[in-house]
Asker: 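Below you'll find the structure I mean.
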Amino acid sequence: MMIVPAGVKVHLALGYTDMRKGLDGLATIVQETLKKDPFSGHLFAFRGKRAQLVSLYVPLSDTG
């Protein structure tokens, strides 16, 4: 179970995502496809092609 702090939005990407992209690839999807700031503090969820994998992109800060 994951507790999401108040004020944090959860964005679910529709369709499937190539899970080989890694964090940089997911950040690019957030920025270019979803038109959101990858460092906004919100949670972004992606699913694999067979729906067996779910990947969460949760940036902690933009400073590393």
Side-chain angles (χ1 to χ4, degrees):
M1 178 183 281
M2 185 171 152
I3 299 173
V4 179
V8 173
K9 293 181 181 179
V10 178
H11 300 274
L12 302 174
L14 299 177
Y16 63 87
T17 304
D18 182 358
M19 290 300 178
R20 298 173 294 176
K21 290 188 178 290
L23 292 178
D24 290 337
L26 294 179
T28 301
I29 292 172
V30 168
Q31 199 168 28
E32 294 178 0
T33 305
L34 301 177
K35 305 293 187 214
K36 302 289 183 187
D37 178 12
F39 298 106
S40 62
H42 299 299
L43 184 141
F44 299 91
F46 302 89
R47 75 171 187 94
K49 188 171 185 174
R50 291 183 278 172
Q52 293 175 336
L53 295 173
V54 174
S55 183
L56 300 178
Y57 178 79
V58 185
L60 300 177
S61 73
D62 62 352
T63 59

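These numbers come from the heavy atoms of this one structure, side chains and all, not from hydrogens, waters or symmetry mates.
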Asker: Name all residues meeting the side-chain contact (heavy atoms from CB on, under 4.5 Å) criterion together with L14; count only those two or more places apart in sequence or in a different chain, and write none if there are none.
Answerer: none
Asker: Report the C-alpha separation of F46 and K21 in whole Å, then their side-chain angles, then the decisive distance to 0.1 Å, and conclude whether the side-chain contact (heavy atoms from CB on, under 4.5 Å) test is met.
Answerer: CA-CA 11 Å; F46 302 89; K21 290 188 178 290; over 6 Å; no
Asker: Once side-chain contact (heavy atoms from CB on, under 4.5 Å) is applied, do any residues pair with T33, and if so which ones, sequence neighbours excluded?
Answerer: I29
Asker: Go through the structure and list residues passing salt bridge (charged side-chain N to carboxylate O under 4.0 Å, His left out) with D37, not counting sequence neighbours.
Answerer: none
Asker: Residues two or more places apart in sequence or in another chain: which of them pass side-chain contact (heavy atoms from CB on, under 4.5 Å) with A27?
Answerer: P38, Y57
Asker: Is there a path of hydrophobic side-chain contacts, each under 4.5 Å between heavy atoms of I/L/V/M/F/W/Y residues, joining Y16 to L12?
Answerer: no
Asker: Under the side-chain contact (heavy atoms from CB on, under 4.5 Å) test, which residues partner K36, sequence neighbours left out?
Answerer: H11, V30, L34, F44
Asker: Listing request: all salt bridge (charged side-chain N to carboxylate O under 4.0 Å, His left out) pairs with a residue in residues 11-20, at least two apart in sequence or in separate chains.
Answerer: D18-R20
Asker: Measuring from atom NZ of K49 to atom CE of M19, what distance do you get when rounded to the nearest 0.5 angstrom?
Answerer: 13.0 Å
Asker: Go through it in stages, so that I can follow the logic: the residues are L26 and S55, the test is side-chain contact (heavy atoms from CB on, under 4.5 Å), and I'd like the CA-CA distance, side-chain angles, deciding distance and then a yes or no.
Answerer: CA-CA 9 Å; L26 294 179; S55 183; 3.4 Å; yes
